[in-house]
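The chains referred to below are lettered A, B, ... by the order of the sequence lines, with proteins before strands, and numbering in each begins at 1.
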Protein chains: 2
Amino acid sequence: MDTEIANLLGALSLAVMDRIEHGAREVIGRGGETPAALVVIGYGEGMTNEKLRRILGLSHSGTVRLVDRLVSDQLVERRPGDDAREVALHLTPKGAATRKELMASRISAVASLLNVLSPTETKRLGTLIRDLLVRQDTSEMDRFTICRMCDDRVCTRCPLPTSKGKRAR
Amino acid sequence: MDTEIANLLGALSLAVMDRIEHGAREVIGRGGETPAALVVIGYGEGMTNEKLRRILGLSHSGTVRLVDRLVSDQLVERRPGDDAREVALHLTPKGAATRKELMASRISAVASLLNVLSPTETKRLGTLIRDLLVRQDTSEMDRFTICRMCDDRVCTRCPLPTSKGKRAR
DNA sequence: CCTAATTATGTGCGTAACGCATATATGCGT
DNA sequence: ACGCATATATGCGTTACGCACATAATTAGG
């Protein structure tokens, strides 16, 4: 049955996320979308509260408070944006270092599950996941959401389609 | 690189869990480990607070309050256990129905990502995930933790090893 | 150029889902 | 019978959110 394979992927995904979240909590001492926020803010210099909100899928106030936490942990700075309404979020040096730790922890968490496969099997799995992702019908915002924990030093060729089907709002 | 594939699996797992959690919240209106608890309680008739606690990885009080919520939602009943210290957790009819909805929602969430692959590719992916899981060094309790959302009507041949390496405490 | 709608942010207030410390009851071993 | 381990419950605090509302800045229309 096809549902059997769906169940296996669900179980694997749960195991992977359990390990990722456990590691993230050890690194930054916070849970929820906080680690993802740090990664997302690090992708570029133009991140605003509102973009972050959409990527993380949180309410507005939830995002403001999340940034409050990052600021009080001295990981992020709020600077005035080009548009005077916007807040430009920037990583502090400590924030950039923590972000690297976070991503390294994530990769090693996944690798610890993955390393039971032979190099050939791993490559096969990689190809299948890549094919699976490349065929998803994702908006621009969906891409950022899926990639909100991704290690940009590692993911040089993101398979997710850029402008296919749905349009970002 | 091997880390690139780890990153892809991490991204996929995040996408899968996002969809599973979103569906679960729609079905039971609660988040965190609450949906998993309902699934786990449904696996057998002998579930106790303490076993549940270990499987979900929560604190004791967290588990008691979680069961409080399930009871107040009329999904679960607390009955006296064989051992008079224990509480035997049982699904109500409503609880059993909600549990089925929950698992169906989970399978369909995963399938919606998976159905871009051809039957051949899907089967290949299933084989690889099965191989990956079967080689994990998991204790008895780890198994239940990984399988805490699994659909027992679908997962007839669980790949996770029963008594290998670590021992359950 | 002035007003209205839109966009981005911040705040008061409440809630869900936890953890820690402590208390109580039952079972077990000697 | 006594001490210790096990299972559950409760008081209290915290984290990570959401909703409703308020405020400042930009954009659109006449």
>> Each nucleotide in nucleotides 8-20 of chain C should get exactly one letter: B, S or -. Can you fill that in based on protein heavy atoms under 4.0 Å?
In response: SBBBBB---SSBB
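If you measure from atom CD of E21(B) to atom C1' of dC17(D), you get 14 Å, rounded to the nearest angstrom. Nucleotide dA25(D) holds its P atom 15 Å from the CG atom of D82(A), rounded to whole Å. Distance, R53(A) CZ to dC17(D) P: 14 Å, rounded to whole Å.
When the side chains of ILVMFWY residues are joined at heavy-atom separations under 4.5 Å, either directly or via intervening members, I107(B) and V27(B) end up in two distinct hydrophobic clusters.
Side-chain contact of E121(A) with S118(A): a donor-acceptor pair under 3.5 Å is present, judged by distance alone.
With a 4.5 Å cut-off on side-chain heavy atoms, T120(B) and K123(B) do not count as touching. Between M141(A) and K51(A), every side-chain heavy-atom pair lies at or beyond the 4.5 Å cut-off.
At distances below 3.5 Å, at least one donor-acceptor pair connects side-chain atoms of T145(B) with backbone N or O atoms of I55(B).
Here dA16(D) sits opposite dT15(C) as a Watson-Crick or G-U wobble pair (both hydrogen-bonding atom distances under 3.5 Å).
Here R148(A) pairs with D18(B) in a salt bridge; the nearest charged N to carboxylate O distance falls below 4.0 Å.
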